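First comes the structure, then the notes that go with it.
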Amino acid sequence: MFGIAQTACRCKPTLFSEFGPGDRTEGQEMRNVLVVLWMLCCSVTSAIAQVSVGIGFNLPGLSIGINLPAYPEMVPVPGYPVYYAPQANSNYFFYDGMYWVYQRDNWYASSWYNGPWGLVDAEAVPLFVLRVPVRYYRQPPAYFRGWGSDAPPHWGEHWGNAWDQRHRGWDNWDRHAAPTPAPLPVYQKQYAGNRYPPAEQQHVLHGQNYRYQPRDAIVQQHYQAQRVQSAPAPSAQGKQAGPQERVPAPPDRRNANRPTSPQQTASPAPQADRPAPRQDRQPQQAAAPHEQPANQPQQAEAPRDKQAKHAKGQEKDQEKGQEKGRDKGEQREGERDR
């Protein structure tokens, strides 16, 4: 349908004078068809202009013409919170924690110096990246010719009046209020050549070694989108293992394979020789403390009885001794009287 609309847009409007008297009805119908197709073409064009702002990352192995063997040298652009790579054979920048590349008339972004790169819509490129002067583009496209080297590219002229109206005043800003450049993720220097990590490992390494968080609202959206898309997905084995570990065994299997008490694990013995169960012994042991207070008075009374008997024996001995002494005294007195 889009191809038909384009063809209709290129067609020359048909006039009534080109038809004879008998063909006016046919010419009017043709004109109505062309008007409908022209309206359809305009609606498609407006729909394309209203593309949502976003970032889409390329498939693994898809090249955009950027292949850096090592971490590039990054130099700050004077007066801008942006770095550029003077030795790179591309339009290569760094702003607010992410790398930005203008290649083949498209903008790309990544949190690692060699990708994977995400295609950035023209509506979603940070303004400070667009404000970088032309002189810092190492591979400027042909339509940059004639533009001032100390001024930013004419993006409004390149992307059309609709973009320019939505971003009116984008190239006017207070240079004294420019934010400070974000720190470079220099930890990535140790990951060059064959040591360059895949996207899943990049997500982990970047979180461990780079604590900076973007401040630009647009960069924050790109940063979060890349983290979500590059996060490692759970493996199929991990998904299967999780539910299997959580599902309990059926009751019959659990009773058959898992002993519930030490008595079930003991070897079977004849009923006649089988010792009394521990549950029968435990009440006897538990009752012993209750019986002990009844026995304690008996044990405590035994020494008292012995002492009483001993005291009575001593009294009897004393009484016998006194009687013997009296008897002896009486005998002595009788002998004296004699």
Side-chain angles (χ1 to χ4, degrees), residues 55-120 124-126 128-141 144 149 152-153 179-216 218-220 222-233:
I55 181 170
F57 284 84
N58 298 323
L59 297 175
L62 182 61
S63 175
I64 65 170
I66 302 294
N67 188 14
L68 301 177
Y71 189 83
E73 178 188 2
M74 304 301 298
V75 178
V77 177
Y80 295 79
V82 184
Y83 295 83
Y84 81 106
Q87 304 300 328
N89 191 22
S90 59
N91 306 311
Y92 194 97
F93 306 96
F94 180 85
Y95 167 69
D96 204 27
M98 296 189 72
Y99 303 91
W100 307 84
V101 171
Y102 189 65
Q103 192 79 357
R104 299 175 183 175
D105 202 20
N106 289 314
W107 279 101
Y108 300 90
S110 177
S111 59
W112 277 73
Y113 70 90
N114 202 25
W117 299 99
L119 179 62
V120 182
V125 182
F128 275 108
V129 176
L130 298 178
R131 292 166 180 166
V132 174
V134 171
R135 68 167 62 237
Y136 297 101
Y137 286 77
R138 309 311 300 165
Q139 292 291 328
F144 275 28
S149 60
T180 57
L184 292 170
V186 293
Y187 77 93
Q188 297 180 4
K189 291 182 179 180
Q190 57 183 325
Y191 300 99
N194 296 331
R195 297 194 61 190
Y196 195 80
E200 293 79 7
Q201 295 183 5
Q202 291 178 7
H203 173 74
V204 178
L205 294 173
H206 196 73
Q208 294 176 350
N209 298 279
Y210 194 66
R211 302 298 182 182
Y212 177 82
Q213 296 296 326
R215 293 169 294 185
D216 193 311
I218 295 179
V219 181
Q220 290 176 1
H222 295 323
Y223 192 75
Q224 295 298 330
Q226 184 179 14
R227 288 175 64 89
V228 171
Q229 296 186 18
S230 62

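Remember, it's a predicted structure, so these values are computed and weren't measured experimentally.
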Quiz item: Atom CD of Glu200 and atom CD of Gln202: how far apart are they, to the nearest 0.5 Å?
Solution: 8.5 Å
Quiz item: Between Pro185, Pro81, Pro181, which is the residue that forms a side chain to side chain contact (heavy atoms under 4.5 Å, CB included) with Phe94?
Solution: Pro185
Self-check item: Gln87 CD to Met74 CE distance, which is reported to the nearest 0.5 Å
Solution: 11.5 Å
Exercise. Mind listing the closest non-hydrogen atom pair of Pro133 and Ser149 along with its distance?
Key: CB-O, 3.4 Å
Quiz item: Once you round to the nearest 0.5 Å, how far does CG of Leu205 lie from CD of Gln190?
Solution: 8.0 Å
Quiz item: To the nearest 0.5 Å, what is the distance between CZ (Arg138) and CG (Asn89)?
Solution: 9.5 Å
Quiz item: Closest heavy-atom contact between His222 and Met98?
Solution: CB-SD, 3.9 Å
Practice problem: Return yes if some donor-acceptor pair links the side-chain N/O of Asp96 with the main-chain N/O of Pro214 below 3.5 Å, else return no. | Solution: no
Self-check item: Partners meeting side-chain contact (heavy atoms from CB on, under 4.5 Å) with Pro183 (sequence neighbours left out)
Solution: Tyr210, Tyr212
Practice problem: Measure the shortest side-chain to side-chain distance between Val219 and Trp100 over non-hydrogen atoms and say whether it is less than 4.5 angstrom. | Solution: yes
Quiz item: So which heavy atom on Gly115 is nearest to which on Ser110, and how close?
Solution: CA-OG, 3.5 Å
Quiz prompt | Derivation and outcome, side chain to side chain contact (heavy atoms under 4.5 Å, CB included), residues Tyr108 and Ile66 | solution = CA-CA 10 Å; Tyr108 300 90; Ile66 302 294; over 6 Å; no
Quiz item: Just checking, any donor-acceptor pair under 3.5 angstrom between side chains of Gln188 and Tyr99?
Solution: yes
Quiz prompt | Set of residues satisfying ring pair (Phe, Tyr, Trp, His ring centres under 6.0 Å) with respect to Tyr80, sequence neighbours excluded | solution = Trp173
Quiz item: Among Tyr92, Tyr196, Phe93, Tyr191, which residue meets the ring-ring contact (aromatic ring centres under 6.0 Å, His included) test with Tyr113?
Solution: Tyr196
Exercise. Side-chain contact test, heavy atoms from C-beta onward, threshold under 4.5 Å: evaluate it for Tyr102 versus Gln139 and give yes or no.
Key: no
Exercise. Of all the heavy-atom pairs spanning Tyr136 and Val132, show the shortest one and how long it is.
Key: CB-CG1, 3.8 Å
Quiz item: Tell me, do Arg135 and Tyr84 make a side-chain contact under 4.5 Å, heavy atoms counted?
Solution: no
Quiz item: How about Arg131 and Val77: do any of their side-chain heavy atoms sit closer than 4.5 Å?
Solution: no
Quiz prompt | Distance, nearest 0.5 Å, that separates CG of Asn67 from CG of Asn114 | solution = 5.5 Å
Quiz prompt | Minimum-distance pair of heavy atoms, taken over all atoms of Gly97 and Ala182 | solution = N-CB, 3.8 Å
Quiz item: About how many Å separate OG of Ser90 and OH of Tyr137, when rounded to the nearest 0.5 Å?
Solution: 12.0 Å
Quiz item: So, for Pro140 and Asn91, which heavy atoms are closest and what is the spacing to 0.1 Å?
Solution: N-OD1, 3.8 Å
